[in-house]
Each structure stands twice: as structure tokens, then as C-alpha cells.
2 protein chains.
Amino acid sequence: MQYQEIAKMLSSRGIRPTQQRLAVYDYLLQHRTHPSADTIYGALIEQNPTFSRTTVYNSLHTLVQAALVKELTMDTEERHYDADIRPHGHFHCRQCGEIADIRLDGDLLQALRPAGYTVQEQEVYFSGLCPACGEATGK
Amino acid sequence: MQYQEIAKMLSSRGIRPTQQRLAVYDYLLQHRTHPSADTIYGALIEQNPTFSRTTVYNSLHTLVQAALVKELTMDTEERHYDADIRPHGHFHCRQCGEIADIRLDGDLLQALRPAGYTVQEQEVYFSGLCPACGEATGK
DNA sequence: ACTAACATTGTAATCATTACAAACTGGAAA
DNA sequence: TTTCCAGTTTGTAATGATTACAATGTTAGT
């Protein structure tokens, strides 16, 4: 996606498309690794030495509020973020630390939803060993 | 469950059944509210004024290690614990804060598991409004 | 009863996140 | 274009759950 398109997307949602917000959102769109706030900060400080950690947090909150970014629910120390807001699950490898997307059937996901509850967020989360690490460890 | 039975259960797993560990585990067995470490501490300090917060953390870690207690994966500030280790999901109400168990079909849960991965933990998590709060807010 | 391994306790440290206030910016109104 | 102001960014200080650590206490097996 072009920077200008991203800017328009933010504008259309009433979010002022500042350089910083664009940078954070663009980073998330380019890196589908579910980074933490600090990872994003580390990458962006390289390009703009005055970038502030607080701004990363602020931008993430704004993007999450606008439903453009999802804050993942995981048992890790830090929070992780995902620009892919389509329904899917996540797998956290305890060996290599990688967080992988898990494709999940839409009907199956729907079937999980508890009757009577108003579901605003849903997360299907796994942890263990990814295929590569499972192989290396002997499963 | 009787205190002695709990003690035997711990012993059989090589865990010394100390008063403190028994108290923490018993609290979790009696209170199916998915309490946080601090909630447990607040309850147990009443009965034993020398009870330490660190001991609650230590005991919980030990119980989790022994697979007697599950550490829940949620987007809350604190970690929550559950003595019910059978597979089921959780719903966190953003209004009243309650964490409810969500019964989930075993076959359905199994169907979610991604091929090729070694799954050690699995969590199906929802947040939103519980039936009571949804009704009050007008869904 | 002795002793060595294991547990508990209280305090201090850690670390991700938030609070806050001052400085800055960008777009609307004149 | 200039002015102005609401909204943003920034750096530092505070928060708060959890962990580290070291001293003290306890238990189980000999």
C-alpha cells in the first residue's frame, strides 16, 4: 500500500495522518511478524532519531481504537500487534519465539462463540513448538 | 476435596505439600473465579498474617509446572489462574470484569489445532459483554 | 536429634506501560 | 499569509505486576 493511501485511510476515520502514525502503521503492514511496541520503536528510531517510545504507544492505541490494528492476547511479557485484522489464530513457539498466523475456518470460529454473550474480541491462541523447532527437538 | 487428599495429590507429583501451597491450591479449587495472584494473597493474608506475596507467586508457579493449575492467557493487566485444567474457553466481560468459563466441544477444540505444530497450550478467549451486562447496556 | 535440601519471607530490583507537562505542528479562519 | 488552537509528540517521572535475592525457617530421611 502507498503512503498516500494509508494517509487517506486514516483521514477517513478521523485520524490525523501524522508522520509518526504513518510510520507505525506502515511498519505493521510491512512486517507481519506481530512485533511488540519496542520492536517497532527500535526500527523507527533508526530513521528518525527523535522518535519517542511514547509516540509508538500512542499511535498503537489510536490504530487499535480505529480497528485498523489488533492487539494480540498472548502469555508473553510484552504486547504484540497485528495489522491483519481478519479473523485468524496465532501460535507462539516457545523455542524460537516466532509468532505464526494460524488460518482458521470461519464457520469453525463462529461455532465457538458462546450464546448470550456479546463478543467484541476473540482470540484463538496456541503455544508450543513450531514445525521447525519440533523437528529439531525430536517433537 | 479434603486437605489430605490435596496433600497426597501434591506429594504424588513430587511437590512438598506445605501449608502455603495447600492454601493456594485449595483457594483455587474453592473459588472458580479465575483469581489473580493478588486476589489470592488478599484472601490468604487474612488467615495467616505472615503469608507472603512472593509465596503466592512461587506456589502458583509450582502448581502450574505440575499441570495442576493453568495460567490463563488474557489481555488483562494481571495474570489469572484456574484450577480447572480441563479444556475450555474463557470470556472476560469488560463491564463487570467477570471471567466466565465457556464450555467448548472437544472435537471442535481438536479441529482448531494446526497441523505440524506441537501444541503445549491452547486458549480460546473472548471479551465483550456478558449476558447480564449486555442486557443492561442494550446489547 | 542432625543435617542438607527445600520453602518461605521481606525487600529491592526489573521492566513494560502509562501519566504528565512542556514544546511542537498543521490546518482552519481571518 | 498570518494567527491561533486543538491535537500531537516528546522526555521524564511514576506505576504496578512480577521477579531476584539473601536471610531465615522448615521438613524428611538418616
Side-chain angles (χ1 to χ4, degrees), chain A residues 3-4 7-8 10-27 34-66 69 71-81 92 97 99, chain B residues 3-4 6-8 10-27 34-42 44-66 68-69 71-81 97 99:
Chain A
Y3 239 64
Q4 270 197 326
K8 277 186 185 169
L10 295 187
S11 289
S12 72
R13 298 186 185 235
I15 299 169
R16 194 184 288 180
T18 64
Q19 286 301 313
Q20 290 85 344
R21 285 170 179 167
L22 288 172
V24 169
Y25 191 33
D26 188 52
Y27 184 89
H34 318 90
S36 66
D38 204 57
T39 299
I40 298 171
Y41 171 72
L44 298 187
I45 190 76
E46 299 285 327
Q47 286 145 44
N48 177 354
T50 72
F51 217 96
S52 163
R53 216 178 295 265
T54 300
T55 297
V56 176
Y57 282 108
N58 288 342
S59 299
L60 286 170
H61 292 162
T62 301
L63 292 166
V64 168
Q65 202 98 38
V69 167
E71 185 174 297
L72 303 185
T73 298
M74 308 186 41
D75 56 5
T76 50
E77 199 58 40
E78 311 152 318
R79 296 185 194 155
H80 294 263
Y81 296 87
H92 177 226
I99 300 166
Chain B
Y3 238 65
Q4 270 197 325
I6 303 177
K8 277 186 186 170
L10 295 186
S11 289
S12 73
R13 298 185 185 235
I15 299 169
R16 195 182 287 181
T18 63
Q19 286 301 313
Q20 290 86 342
R21 285 170 179 167
L22 288 172
V24 169
Y25 191 33
D26 188 52
Y27 183 89
H34 319 89
S36 66
D38 204 58
T39 299
I40 298 169
Y41 171 73
L44 298 186
I45 189 76
E46 299 284 325
Q47 286 145 45
N48 177 354
T50 72
F51 217 96
S52 162
R53 216 179 295 265
T54 300
T55 298
V56 176
Y57 282 108
N58 287 342
S59 299
L60 286 170
H61 292 163
T62 301
L63 293 166
V64 167
Q65 203 98 39
L68 291 170
V69 167
E71 185 174 298
L72 303 185
T73 298
M74 307 185 43
D75 56 5
T76 50
E77 199 58 39
E78 310 152 318
R79 296 184 194 156
H80 294 263
Y81 297 87
I99 300 166

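Here is how names work: the chains are called A, B, and so on, in the same order as the sequence lines, proteins then strands, and each is numbered from 1. Quick caveat: nothing in here was measured; it's all calculated off a predicted structure.
- Between the P atom of C/dT25 and the CZ atom of A/R21 lies a distance of 15 Å, rounded to the nearest Å.
- Distance, A/I45 CD1 to D/dT10 C1': 11 Å, rounded to whole Å.
- Expressed to the nearest 0.5 Å, how far CG of B/L60 lies from CD1 of B/I40 amounts to 4.5 Å.
- For the residue pair B/P17 and B/L22, the shortest heavy atom distance occurs at O-CD1, 3.7 Å.
- Each salt bridge (Lys or Arg N to Asp or Glu O under 4.0 Å) pair with one or both residues in residues 40-51 of chain A, not counting sequence neighbours, would appear here, but there are none.
- Annotation: salt bridge (charged side-chain N to carboxylate O under 4.0 Å, His left out) contacts of A/D38 (sequence neighbours excluded): A/R53.
- Counting all heavy atoms, side chain and backbone alike, A/F51 lies closest to A/V56 at CE2-CG2, 3.5 Å.
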Checklist entry - For every nucleotide of nucleotides 16-25 of chain D, 5' to 3': is a protein heavy atom under 4.0 Å from its base (B), only from its sugar-phosphate (S), or from neither (-)? => result -SBBB-----
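- Contact detail for A/P35 and A/Y27: the closest heavy-atom pair is CG-CE2, 3.8 Å.
- Checking B/G14 against B/P49, the closest nucleotide of DNA chain C that is more toward the 5' end is the one next to B/G14.
- When the P atom of C/dA7 is taken as reference, atom CD1 of B/I15 falls 9 Å away, rounded to whole Å.
- For residues 13-23 of chain A, no pair satisfies salt bridge (Lys or Arg N to Asp or Glu O under 4.0 Å), with sequence neighbours left out.
- A donor-acceptor pair under 3.5 Å is formed between the side chain of A/H34 and the backbone N or O of A/I99.
- Across the protein-nucleic acid pair, A/L22 atom CG and C/dG26 atom P stand 12 Å apart, rounded to whole Å.
- For A/T76, the side-chain contact (heavy atoms from CB on, under 4.5 Å) partners at least two apart in sequence or on another chain are A/M74, A/H80, A/H92.
- Atom CG of A/N48 and atom C1' of C/dT25 are 14 Å apart (whole Å).
- Within the 4.0 angstrom heavy-atom criterion, only backbone atoms of the sugar-phosphate kind lie near B/T18; the bases stay farther away.
- In the helix from C/dA1-D/dT30 to C/dA30-D/dT1, the end axes, each obtained as the rotation axis mapping the C1' atoms of four pairs onto the next four within a five-pair block, lie 30° apart to the nearest 10 degrees.
- The OH atom of B/Y25 sits 17 Å away from the P atom of C/dA7 (whole-angstrom rounding).
- As a whole-Å value, the separation of A/L10 CG from D/dG7 C1' is 15 Å.
- A/Q20 has its CD atom 10 Å from the C1' atom of C/dT25, to the nearest Å.
- Put simply, B/Q19 has no side-chain N or O that comes within less than 4.0 Å of OP1 or OP2 on C/dT8.
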